[in-house]
Amino acid sequence: MHTFKNRSILFSIGLSLLLAVSIILLWETALGFFIYSRDFLPFDTLTPGSRSFLLLLLLAVAVGLVTEKFSIKKVLPYVLSFVGIWAVFSFIAAKYFSFNLFFLRVAAIVFVSMIAAHLKKLWLIDFELTERLVEVASTEHLLEGKTPDSRIESGLKLLETVLPLSEAIVFHYDESGQLKPVGRARNDQAINNLSSRQTEWRENVELCVQAFKQRETIVSLDESKIGSARIALPLIHEKVAVGVLFVKVNKNFEYADRNLLEAFSDQLARNFQRKQLRSKSLPHKTWWSGLSTHSAENRLDVISLINSLMLEQSFGMVASSYLKEAHAIAYLDGTLAYLNRQMRHLLKKNAAQIHEIDLFGLLDSFKNEIFNEPSLAIRRVLQTGENFNSDLFYPKTNKTLKIQITLVKVPNDDVSIHETNVSMKPACFLITISDITALKENERLRSDLTSLMSHELRTPVTSIQGFAELLLADDTIPGESREFLEIISNESQRLSKMLTTFLSVSNLEQTDKQEMEKTPVKLDTIVSEVVGEMQERAKRKRIRLVEQPNSHIPPVAADKGLIQRVVSHLVDNAIKYSPERTSVIISTILEADFLRVVVEDKGYGVPASERDKIWQKFYRIARDGQDKEEESTGLGLSLVKEIVEQHGGQVGVESEIGQGSKFSFTLPRL
């Protein structure tokens, strides 16, 4: 097939030459048996010479090539015009100049070459169609999973969990025209009487045959026992009966259960039809398959198989309508492929209006002060492959929505979607929107309660600290008492600092992104300001602060005060946990999609097992010989992480025990 396609033009030329020679030879052969009068055919009774013969062959090749390149619909008007003009010239040449232009042979060669080239194109298309259908029918579909036989077992097990089944039998209509049992589930105790078992079996089979012939569900109630029934359901898909499902229930049968059984029988019918279609011989992959009725019928069966697969996959789309979140699927060209019911409700658009919008039209419906350029979000998702997440607050409705844009990736066409560790390529976008108004309100109430309790604790702590300092100002206090007062003062100060940091974290957790005062900020400027503020403290500990700025750093959208707090805390930690006569290096680095700030020290280092834990609230690394002033509240890094993530960035740490650490954070570029 591929050889024919690659040599299509050569094949057309050869076919045209063959037909032209055949027409000329047939014509010359006919002249040997029939004698025509010059008056009757005055211009086509001579044998063409070598030049005329060559011209006829070139004409055949030209017509074949033109038909190969263009459709017969475009070529036909020109061919008819050419033949008409040639007929006029042939008549004039023969009538007045006694010159033969071989009109009949020319016309035959032109029409036959054109039709042959067109039929050849149709044949190649038919051959390729057959090849692709064979490929679809020869391989298991990506989402089929189990075979039809194994799906019968799992299906019967599902029925047993829902209905009080006494017996269930699945019959398949085989090629011999008989109902053959292929699956069975039975919960009743076996009947000891062989004659009774045979009689019951015959009655069940007769009921199934009746349902199969009538193509409708038959319910036979047992009048002697309430709630007992025998049900026979024909397995029909696309108007083709492929089997029967027999179910016997000895108690608690209700007619509402019939809907479940009929839905299950529809599934079984699709499974059996798929198995039956796959068991058939595939369309012939030979040159004459286009003329085979058997091959054509098999192609129709393959189309039915594809329809069955598409029907089952459509259930996934319908199932998403039952989810609480709003979902939309968009192709890479921006066309909306699917919107579930919740998304249509959020958009407040009818069916006609939904068909008129695309991906950007959908995202524009959720714009606010922060999410004001959806195209930037789409670009970032395409460039990084990572999800875009944002909380959107709308003051007019007092609602908070969470939007997530995901780039869905799939493997190559010949790889199952269940395979792992294979190369993936982008396929479409998944947009998910959740209403988190109630969740945000609960977080606010929890944070308010935390703030209230922290404030109530701060009042007595401040009193303790104040009275301790007042007592320390009295010179008459004995030395031992003064030592106790200093402990009280220091511990109250540490507790006050811990409460302040805890309040900052709590307030930040309840702060939505739109409440931050985001402005264009230069990170190198913030680093310079922090280094200037920390120089005095670093000198007291004999530590040198080294700034490594980058003059090409672009601005970022951030809350300057919060980012300054992040840098200050990282530098403060580096000074606190570094030994004397060492350096702390602060670097600002430009990356592809982010700006990175790195604070490097030569301190204790962080064990590998605790690098993820240090970002948690109140977590502190216990070290032997640690000075009292080096103890922390365990809230500083938690605050850093919260601020950075609120800005759409990430935190990180690289460390070796005894060699120092590199704390860093990133912020997305504008």
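In this chain, residues are counted from 1 in sequence order. Just so you know, these numbers come straight off a predicted model, no measurement behind them.
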Exercise for the section: Walk me through it: do D391 and I436 pass the test side chain to side chain contact (heavy atoms under 4.5 Å, CB included)? Expected result: CA-CA 9 Å; D391 294 346; I436 58 172; 3.7 Å; yes
Practice task
Apply side chain to side chain contact (heavy atoms under 4.5 Å, CB included) to I378 and F429, showing your working.
Solution key: CA-CA 9 Å; I378 295 296; F429 294 101; 4.0 Å; yes
Practice task
Test side chain to side chain contact (heavy atoms under 4.5 Å, CB included) on E469 and Q465 and set out the steps.
Solution key: CA-CA 6 Å; E469 292 176 352; Q465 181 180 352; 3.5 Å; yes
Problem - Derivation and outcome, side chain to side chain contact (heavy atoms under 4.5 Å, CB included), residues L347 and L339 - result: CA-CA 10 Å; L347 292 175; L339 289 83; 3.5 Å; yes
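With H327 contributing its side chain and Q342 its backbone, the two residues share no donor-acceptor pair below 3.5 Å. For S578 (side chain) and A574 (main-chain N/O), a donor-acceptor pair under 3.5 Å exists by modelled atom type. In terms of modelled atom types and a separation under 3.5 Å, the side chain of N550 and the main chain of S587 share no donor-acceptor contact. A donor-acceptor pair under 3.5 Å links the side-chain atoms of T384 to the main chain of R380, judged by distance alone. Side-chain atoms of K541 come within 3.5 Å of backbone N or O of K576 as a donor-acceptor pair. For the pair N368 (side chain) and L392 (backbone), a donor-acceptor distance under 3.5 Å is absent. For the pair Y394 (side chain) and F366 (backbone), a donor-acceptor distance under 3.5 Å is present.
Within the 4.5 Å cutoff, the side chain of I403 has heavy atoms near those of the L363 side chain. In this structure the side chain of V566 reaches within 4.5 angstrom of the side chain of V644, judged on heavy atoms. Side-chain contact between V584 and E600: absent, with no pair of heavy atoms (C-beta onward) separated by less than 4.5 Å. Contact annotation: the side chain of N389 never approaches that of T432 to less than 4.5 Å [non-hydrogen atoms, C-beta and beyond]. In this structure, F665 and L570 have side chains that are in contact, with non-hydrogen atoms separated by less than 4.5 Å. Counting only heavy atoms from C-beta outward, the side chains of L562 and H647 approach each other to under 4.5 Å.
Scored by the side-chain contact (heavy atoms from CB on, under 4.5 Å) test, D474 finds T476, I477 as partners (sequence neighbours excluded). With sequence neighbours excluded, the residues forming a side-chain hydrogen bond (donor to acceptor under 3.5 Å, both in side chains) with R596 are E591, S664, listed by chain and number. The salt bridge (charged side-chain N to carboxylate O under 4.0 Å, His left out) check on E441 picks up R444, with sequence neighbours excluded.
Rounded to the nearest 0.5 angstrom, K324 NZ and S434 OG are separated by 8.5 Å. For the atom pair CG of L336 and CG of L362, the computed distance is 5.5 Å after rounding to the nearest 0.5 Å. The CH2 atom of W615 sits 11.0 Å away from atom CG of L639, with the distance rounded to the nearest 0.5 Å. Rounded to the nearest 0.5 angstrom, T437 OG1 and N442 CG are separated by 11.0 Å. The structure places CD1 of I575 at 10.0 Å from CG of D601, a figure rounded to the nearest 0.5 Å. For the atom pair OG (S568) and CD1 (I563), the distance works out to 11.0 Å, reported to the nearest 0.5 Å.
The two residues P668 and G648 make their nearest non-hydrogen contact at CD-O, 3.7 Å. Between V461 and S492, the closest heavy-atom pair is CG1-O, 3.4 Å. Between I431 and M343, the closest heavy-atom pair is O-CE, 4.0 Å. Between L637 and I614 the shortest heavy-atom distance is CB-O, 3.5 Å. Nearest heavy-atom pair across P554 and L595 is O-CD1, 3.2 Å. Shortest non-hydrogen contact noted between K367 and P374 is CG-CG, 3.9 Å.
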Atom pairs and distances, donor-acceptor, side-chain atoms in residues 650-657, under 3.5 Å, two or more places apart:
| from | atom 1 | to | atom 2 | distance (Å) |
| --- | --- | --- | --- | --- |
| S655 | OG | V606 | N | 2.6 |
| S655 | OG | G660 | O | 3.2 |
| S655 | OG | S661 | OG | 2.8 |

Less than 3.5 Å apart, which donor and acceptor atoms pair up between the side chains of residues 519-535 and the rest of the protein, not counting sequence neighbours?
| from | atom 1 | to | atom 2 | distance (Å) |
| --- | --- | --- | --- | --- |
| K522 | NZ | I553 | O | 2.6 |
| S528 | OG | D524 | O | 3.0 |
| S528 | OG | E547 | OE2 | 2.5 |
| E529 | OE1 | Q564 | NE2 | 3.3 |

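Sorted by first and then second residue, the salt bridge (Lys or Arg N to Asp or Glu O under 4.0 Å) pairs involving residues 351-361 (not counting sequence neighbours) form an empty list.
A salt bridge does not link R482 to E486: none of the charged side-chain nitrogens sits closer than 4.0 Å to a carboxylate oxygen. Under a 4.0 Å N-O distance rule, the pair K539/E536 does not qualify as a salt bridge.
With no hydrogens or angles considered, a side-chain donor-acceptor pair links T406 and Q404 at under 3.5 Å.
In this structure, F393 has its ring center at least 6.0 angstrom away from the ring center of F371.
More than 12 heavy atoms of other residues, nucleotides or ligands sit less than 6.0 Å from atom CZ of R611. The number of heavy atoms from other shown groups lying within 6.0 Å of CG (N372) is above 12.
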